[in-house]
Asks: 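My questions all concern the structure below.
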Protein chains: 2
Amino acid sequence: MTADTDAPSRAGMSQAERAALSDRRMIDAAIELVVERGVEKATLKEIGERAGYSRGLATYRFGSKAGLFRAVIRAVATRWLGEFTRHVGARSGIAALCACVDSWSRFAKESPLHVRALHILFYQSIGPDSGYRERVAEVLERQRADVVAWVRAGIAAGEIDPAVDPRRQAELFCAFIYGWTYQWLVQPDAVDFQGVAEDLKRMLRTSLAAPASRRAS
Amino acid sequence: MTADTDAPSRAGMSQAERAALSDRRMIDAAIELVVERGVEKATLKEIGERAGYSRGLATYRFGSKAGLFRAVIRAVATRWLGEFTRHVGARSGIAALCACVDSWSRFAKESPLHVRALHILFYQSIGPDSGYRERVAEVLERQRADVVAWVRAGIAAGEIDPAVDPRRQAELFCAFIYGWTYQWLVQPDAVDFQGVAEDLKRMLRTSLAAPASRRAS
DNA sequence: AGATACTTGTTAGTAGCAAGCAAGTGGCGA
DNA sequence: TCGCCACTTGCTTGCTACTAACAAGTATCT
């Protein structure tokens, strides 16, 4: 769709520009093909050719299939974590967690291609040496760290029960998010994506509230 | 380890016994190799040979790599769902959910190889045509159905808030379980498996309790 | 003798590498 | 400032090792 204007537009560019362009194109093609065919059947040959280049460029540029997927994860995860922090803004505590849930389902609706691709790669990473497991672990860790900070702030503000362990709560919260997404990926139609989000927020509010505010409600 | 007594023991068996034995051996080899090397790098050649046979038997018997993994999922999931219902027993409502969580972490401790293999396959299934996605979907669906039944029973008994939607609650509960396992698979050491289980049970108790029993506690 | 478990020969297709081609880049002398 | 030329870098193509899958063959049971 966007690959027809490549030959003309490529002329007269600096080498750096050409490389950046081909990188971007191949990452986009990889996202499309991973969603269309899955990780295994998305071949480097087809990725290179769909991007408008030869069968060998992807290997040459990214070193290996895993290298390409590392780049895809970096590209999508960066954009995505940015969206998150932007959307959650200055909120903290339970409000931040709820905003995070909303942000997640909004992102899933707005760029389903990217979300699907990212999570397909995430869930494929658990093999003993997928080659990009470390990158996935980094993203998970960063996300959990954000959640830990929100929970801590909520406790400090007296909103969240001080008995809550922030780290474990973060693992629990993230488990929700990932498992929720997972089920949606396996059976896109059998899962009430939106409804579960509402229930999740309700559950967070009732189970995290500090004793004082729970009595007050 | 168990593959050294194959040649002698194979003689003098009925055809059906031979086939059943080789099936079992290959499924076991597949589990080992999936955990050792991951789905992609676990080759049919090595699976067949580790089981004590030729490079071609796995394809011949199961038709394809996906066919073999379908058989692995069936074998492990059957055993596993059985363990579950046995362990949960006649419990229902919140107690059943908590027993399910305990059962999960016990199973993960007792047969980590099987749990890892099963979930590696589960998480690899989300590709658009992994060839065994339907089987995974079946298992997920069956598990959710159990949870729905427990929640319904809990509502009927007046223990769980009638405002809870059983189906959505089941999706939420399963999301927890899967996401929790996922994080454990990606970072076996960075996750407090046991601690999260306790927090999860606590959360279920506080957020599902019917208003009446919540006041009573 | 026939059926069934299993093996082996072969094919199409894949990732990755290395050698080669062509287009852009920078320095030097005028 | 201009133009040439060595050099770098983006990209392609030929090749190898390996894989899943299949078909035709062998050995074992019934």
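Chain letters run A, B, ... following the sequence lines, proteins first, then strands; residues in each count from 1. Just the heavy atoms: all of them, side chains too, but no hydrogens, waters or symmetry mates, feed the values below.
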Asks: Rounding to an integer number of Å, can you tell me how far Arg37(B) CZ sits from dT19(D) P?
Replies: 10 Å

Asks: When Glu32(B) is tested against each of Arg37(B), Arg116(B), Arg50(B) for salt bridge (Lys or Arg N to Asp or Glu O under 4.0 Å), which residue passes?
Replies: Arg50(B)

Asks: Step through it carefully: locate the ring centre of Phe193(A), locate the ring centre of Trp180(A), and say whether they are under 6.0 Å apart.
Replies: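 Yes.
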
Asks: Which is true for Thr59(B) with a 4.0 Å heavy-atom rule: it touches a base, it touches only sugar-phosphate, or it touches nothing?
Replies: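 Here Thr59(B) touches the bases of the nucleic acid.
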
Asks: Pick the closest DNA chain D nucleotide for Ala66(B) and for Ala16(B) by heavy atoms, then say which residue is nearer the 5' end.
Replies: Ala66(B)

Asks: Expressed as a whole number of angstroms, how long is the span from Lys65(B):NZ to dC18(D):P?
Replies: 16 Å

Asks: Specify the separation, in whole Å, of atom CZ of Arg24(B) and atom C1' of dA5(C).
Replies: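 After rounding, the gap between these two atoms is 15 Å.
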
Asks: Under 4.0 Å between any heavy atoms, over every strand shown, what does Arg61(B) touch: base, sugar-phosphate, or nothing? Just pick one.
Replies: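 Answer is sugar-phosphate: Arg61(B) comes under 4.0 Å of backbone atoms only.
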
Asks: Check the angle between the aromatic planes of Trp104(A) and Trp80(A) and answer parallel, tilted or perpendicular using the 30° and 60° thresholds.
Replies: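 The rings of Trp104(A) and Trp80(A) stand perpendicular, inter-plane angle above 60°.
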
Asks: Is the backbone of Gly131(A) close enough, under 3.5 Å, to the side chain of Arg70(A) for a donor and an acceptor to pair up by distance?
Replies: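 Checked: pair present.
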
Asks: According to the interplanar angle, ranging from 0 to 90°, do the rings of Tyr123(B) and His119(B) count as parallel (below 30°), tilted (30 to 60°) or perpendicular (above 60°)?
Replies: tilted

Asks: Nearest-nucleotide wise, let me know which of Arg55(A) and Gln15(B) is further upstream toward the 5' end of DNA chain C.
Replies: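 On the 5' side of the pair lies Gln15(B).
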
Asks: Take atom NZ of Lys45(A) and atom C1' of dG13(C), then tell me their distance rounded to the nearest Å.
Replies: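 In whole Å, dG13(C) C1' and Lys45(A) NZ are 9 Å from each other.
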
Asks: Applying a 4.0 Å non-hydrogen cut-off, can you work out what Ser64(A) is touching in the nucleic acid: base, sugar-phosphate, or nothing?
Replies: sugar-phosphate

Asks: Rounded to whole Å, how long is the line connecting atom OH of Tyr60(B) with atom P of dA27(D)?
Replies: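 Taking atom P of dA27(D) as the reference, OH of Tyr60(B) is at 16 Å.
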
Asks: Please confirm whether the shortest side-chain N or O distance from Ser22(A) to OP1 or OP2 of dC11(D) is below 4.0 Å.
Replies: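 For dC11(D), OP1/OP2 do have a side-chain N/O of Ser22(A) under 4.0 Å.
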
Asks: Let me know the distance between CG of Leu57(B) and P of dC6(C), rounded to the nearest Å.
Replies: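 Answer to the nearest Å: 6 Å.
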
Asks: How long is the line joining NZ of Lys41(A) and C1' of dG13(C), in whole Å?
Replies: 13 Å

Asks: For Leu44(B) and dA20(D), give me the distance from atom CG to atom C1', rounded to whole Å.
Replies: 6 Å

Asks: Go through dC11(D), dA20(D), dT12(D) for me and flag the one nearest to the Ser54(A) side chain.
Replies: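 That would be dT12(D).
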
